[in-house]
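Below is one structure, written out as structure tokens; the observations come after it.
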Amino acid sequence: MKKLFVLTLIAGLFTTLTSSAQDDKSKRVSPPATAKETLASGAAVTIDYSQPSVKGRKIGADIAPYGKVWRTGANEATVFETSKDVKVDGKALAAGKYGLYTIPGEKEWTIIFNKTWKQWGTDYKEADDALRVAVKPGKAASASEKMTFKDEKSGKGSLLWGDVVVPFTVK
């Protein structure tokens, strides 16, 4: 009876430790990251995302295929949050949280702000779009293995990944 108790206790402890290790998002292959900036207008903008790696794949073909909605990250949906109403590339976006998606393209990327933000990244529904903006991608000054968002106080933002830079402005 004593052996059974000890074995049950050890199994329970192992299960608890394994479960908490899986909940530690920093140990994921595509770890979480945050881009946060307070703009000159006073709006606080935060982008919470997971960072997929290129791993030798070609953006637009092997990963984030051109012409298809992409979750713009990994794991849960990337969340774009603004504390005040803003304009993204000149188009109005109300204060709040949004799922951030994109449609990559060789000459144009569409950035999508979706009203449903708390979801798994691949559960996109176009009917929930709050805003779409088209932007021109460019060639990055240096390659970035992990997808990264950058924000500046001026409102200039960018998604950097591989040799691609996708610029946008938030004012």
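Model, not experiment: these values are computed from the prediction. We're numbering straight along the sequence, starting at 1.
- Residue pairs that meet the salt bridge (charged side-chain N to carboxylate O under 4.0 Å, His left out) test with at least one member in residues 101-128, sequence neighbours left out, are Glu108-Lys136, Glu126-Arg132.
- Between the CZ atom in Phe149 and the CD atom in Gln51 there is a gap of 10.0 Å [rounded to 0.5 Å].
- Summarising the geometry, atom NZ belonging to Lys36 is positioned 8.5 Å from atom CG belonging to Asp48; distances are rounded to the nearest 0.5 Å.
- Proximity of Leu100 to Val79: side-chain heavy atoms (C-beta onward) are nowhere separated by under 4.5 Å.
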Please determine whether side chain to side chain contact (heavy atoms under 4.5 Å, CB included) holds for the pair Asp151 and Ile47, giving the CA-CA distance in whole Å, both sets of side-chain angles, and the decisive distance to 0.1 Å. CA-CA 9 Å; Asp151 289 326; Ile47 304 172; 3.9 Å; yes
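- Of all the heavy atoms in Ala140 and Gly162, the pair that sits closest is CB-O, 4.4 Å.
- At least one side-chain heavy atom of Val166 sits under 4.5 Å from a side-chain heavy atom of Val135.
- Residues forming a ring-ring contact (aromatic ring centres under 6.0 Å, His included) with Trp70 (at least two apart in sequence, or on another chain): Trp161.
- The heavy-atom pair separating Leu93 from Ala130 by the smallest distance is CD1-CB, 4.4 Å.
- When all heavy atoms are compared, the tightest approach of Trp120 to Arg71 is NE1-NH1, 3.5 Å.
- Expressed to the nearest 0.5 Å, how far OG of Ser154 lies from NZ of Lys171 amounts to 6.0 Å.
- Val165 and Phe168 are not part of a single hydrophobic cluster, where members link through side-chain heavy atoms under 4.5 Å apart.
- The shortest distance between side-chain heavy atoms of Thr169 and Val88 does not fall below 4.5 Å.
- With hydrogens and angles disregarded, no donor-acceptor distance shorter than 3.5 Å links the side chain of Asp129 to the backbone of Leu131.
- Legend: ring pair (Phe, Tyr, Trp, His ring centres under 6.0 Å) pairs involving residues 90-110, not counting sequence neighbours, sorted by first then second residue: Tyr101-Tyr124.
- Side-chain N or O atoms of Gln119 include none that pairs as donor or acceptor with a backbone N or O of Ala77 at under 3.5 Å.
- Taken from OG in Ser41 to NZ in Lys87, the straight-line distance is 12.0 Å, to the nearest 0.5 Å.
- Pairing each heavy atom of Gly155 with each of Leu39, the nearest pair is CA-CD2, 3.9 Å.
- Side-chain atoms of Phe80 and Val170, non-hydrogen and from C-beta on, do get closer than 4.5 Å to each other.
- Residues Arg57 and Ile59 are not in side-chain contact: their nearest non-hydrogen atoms beyond the backbone lie 4.5 Å or more apart.
- Between Asn75 and Tyr49 there is no side-chain heavy-atom pair separated by less than 4.5 Å.
- With hydrogens and angles disregarded, no donor-acceptor distance shorter than 3.5 Å links the side chain of Ser158 to the backbone of Leu160.
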Yes or no on side-chain hydrogen bond (donor to acceptor under 3.5 Å, both in side chains) for Thr72 and Thr78, after CA distance, side-chain angles and deciding distance? CA-CA 7 Å; Thr72 316; Thr78 292; 5.9 Å; no
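- Among all heavy-atom pairs drawn from Val164 and Pro137, the shortest one is CG1-CB, 4.3 Å.
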Audit row: Thr34, Thr46, side chain to side chain contact (heavy atoms under 4.5 Å, CB included) steps and yes/no: CA-CA 7 Å; Thr34 300; Thr46 305; 3.7 Å; yes
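- No side-chain heavy atom of Lys68 sits less than 4.5 Å from a side-chain heavy atom of Ile103.
- Across Asp89 and Ala134, no two heavy atoms sit closer than the pair OD2-O, 4.3 Å.
- Side-chain atoms of Thr102 do not come within 3.5 Å of backbone N or O of Pro104 as any donor-acceptor pair.
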